[in-house]
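For the numbers below, each heavy atom of this structure counts, side chains included, while hydrogens, waters and symmetry mates do not. This is a predicted model, so every value here is computed, not measured. Counting starts at 1 for both ligands and their atoms, following the listed order.
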Amino acid sequence: MLSVFENNSAMRWLGKQLFNREDPAAFFDPILSIINPMMVRGLTPARVEAITHAARDTKTFHLKPSPRWSGFRAGQHININVEIDGVRCHRTFSLSSAPAQWEQDGTITLTIKRLPGGKVTNWLHDRLETGTVVGISEAFGEFDIPNVEQPLLYLAGGSGVTPVLSHLVTLADQDYRAPVTVLYYVRTQADEIGAETLRALQARWPALTLVIHRTDEDGPSALMNEAHLEQVPGIKARHCFLCGPPGLMDLAQDLLGRFGIREEQISATFFTAPTPVEVSEPLGGEVRFAGSDVTVESEGDAPLLEIAEAAKLNPKHGCRMGICHQCSCRKTSGTVVNRLTGKASGPGEETIQLCISVPQGDVEVDV
Ligand code: FES
């Protein structure tokens, strides 16, 4: 039989795949995923070690990434990549375990709530099995524990508590001495995520004050309000972490502002893309993807990532909401508007995020 290495045209073809590709993993990964999924290079393979119940409609997925994964800081997120009906899907989730666990036994956890109509969360709940290998990205995000010990306040809602669990276990293990207050808002007791972990932390770590408000069971006074924050000693000096659904985040920002807490004292992380702001200038224009030699017309407020995908390009991306920076690329000319802030860029060369950049006139990017 003629080996591929004895055939010149086959050698040329293989050489091209190897050396002319910006991303050799895109070529090799489908092959490696058949031979051994743990060898895939584009993402880190992670084996599902166990799946446990966490709360109503919520499961914890215990994953063991391949040893080449770089680890994470408490509060960071990863993208998980799964194939559903032949289509690759990415979603961003916060790590609910502490980095120390990864360092000790090489495992991490994602605690994921099933979303009504959510393609990926429902698939993970119904179809993902122990022993399956999924792809994960490197960790990203800046929801970091402060470097200097100071009083902290966490305002978490629903599954927004997941990165908070990672923080709290890390802080308790460090024997963090400054006061830490957690106000956790859930609908009912059955919706409490990490309840066991939270109560165990409360028992062994004197700095922690935990208050759980069950909004469907405890009446209107359980909804986040000024009185809850008034009961937090020395609130003005605290660094505040917000994590939860958009309504709760907006309310929390508003209440903290009334207590005179400055923006730089607040760290927030979102679970859904913040609502795009409206811009007065018309959007759209001719978009040139110079690296692919493709030029298309765009209209309205479609971001460059969607425009590229509509043109059958497949730029690297992750969260699609401006968090992970995996879609960052060079804009070589033209103006783009940031969908989240409404701010227009300059006309020259700079790094932009494709998923939140909307062309305002003609734009060229290095994709
Ligand atoms: S895809 Fe995550 S920032 Fe754009």
Side-chain angles (χ1 to χ4, degrees), residues 22-23 25-26 29 42-44 46 69-70 72-73 75-84 87-95 110 112 115 118-121 134-144 159-160 162-163 243 246 249 267-277 279 283 287 289-292 294 296 298 300-332 334-345 349-360 363-367:
E22 228 172 62
D23 180 12
D29 282 357
L43 291 158
T44 300
W69 194 61
S70 312
F72 68 105
R73 302 190 303 277
Q76 286 196 300
H77 328 284
I78 55 171
N79 291 322
I80 186 165
N81 181 297
V82 291
E83 190 174 315
I84 302 177
V87 179
R88 285 258 145 224
C89 303
H90 307 254
R91 288 295 181 276
T92 302
F93 298 105
S94 301
L95 290 142
L110 297 174
I112 298 174
L115 298 176
K119 181 177 173 182
V120 174
T121 59
V134 296
I136 63 168
S137 69
E138 290 297 323
F140 56 86
E142 311 291 330
F143 195 66
D144 288 332
S159 55
T162 51
C243 196
M249 304 276 279
S267 301
T269 192
F270 292 91
F271 275 84
T272 50
T275 321
V277 295
V279 289
L283 298 168
V287 181
F289 297 102
S292 312
V294 170
V296 290
S298 78
D301 66 353
L304 286 166
L305 179 59
E306 285 177 19
I307 297 168
E309 288 173 335
K312 306 260 183 296
L313 303 177
N314 187 20
K316 193 169 173 204
H317 65 278
C319 65
R320 306 183 80 97
M321 58 176 88
I323 301 173
C324 71
H325 289 264
Q326 290 196 52
C327 64
S328 294
C329 75
R330 286 306 274 174
K331 167 176 74 65
T332 42
T335 301
V336 293
V337 171
N338 182 315
R339 273 187 112 201
L340 305 182
T341 62
K343 284 195 187 136
S345 71
E349 187 169 340
E350 63 187 323
T351 299
I352 57 163
Q353 289 162 274
L354 290 172
C355 69
I356 53 168
S357 298
V358 180
Q360 192 166 56
V363 169
E364 180 173 294
V365 289
D366 193 13
V367 166

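- Closest of all the heavy-atom pairs between V296 and F289 is CG2-CE1, 3.9 Å.
- Of all protein heavy atoms, the one closest to atom 2 (Fe) of ligand 1 is C324 SG, 2.2 Å.
- Numbered from 1 in the order shown, with element, the atoms of ligand 1 that lie under 4.0 Å from a heavy atom of Q353 read 3 (S).
- Among the atoms of H325, no N, O or S atom is found under 2.8 Å from atom 4 (Fe) of ligand 1.
- Short contacts between ligand 1 and C355, defined as distances under 4.0 Å to a heavy atom of the residue, involve ligand atoms 1 (S), 3 (S), 4 (Fe).
- Using a cut-off of 2.8 Å, one finds that C327 contributes an N/O/S atom close to atom 4 (Fe) of ligand 1.
- Results of the side chain to side chain contact (heavy atoms under 4.5 Å, CB included) test with V336 over I352, V365, V358 single out I352 as the only residue that passes.
- Among L283, D301, I307, the one residue that satisfies the side chain to side chain contact (heavy atoms under 4.5 Å, CB included) test with P359 is I307.
- Heavy atoms only, all atoms of each residue included: L95 and A139 are closest at CD1-CB, 4.5 Å.
- Of the options T162, T269, T92, a side-chain hydrogen bond (donor to acceptor under 3.5 Å, both in side chains) to H77 is made by T269 and by none of the others.
- Near G322, with a cut-off below 4.0 Å to any heavy atom, the atoms of ligand 1 are 3 (S).
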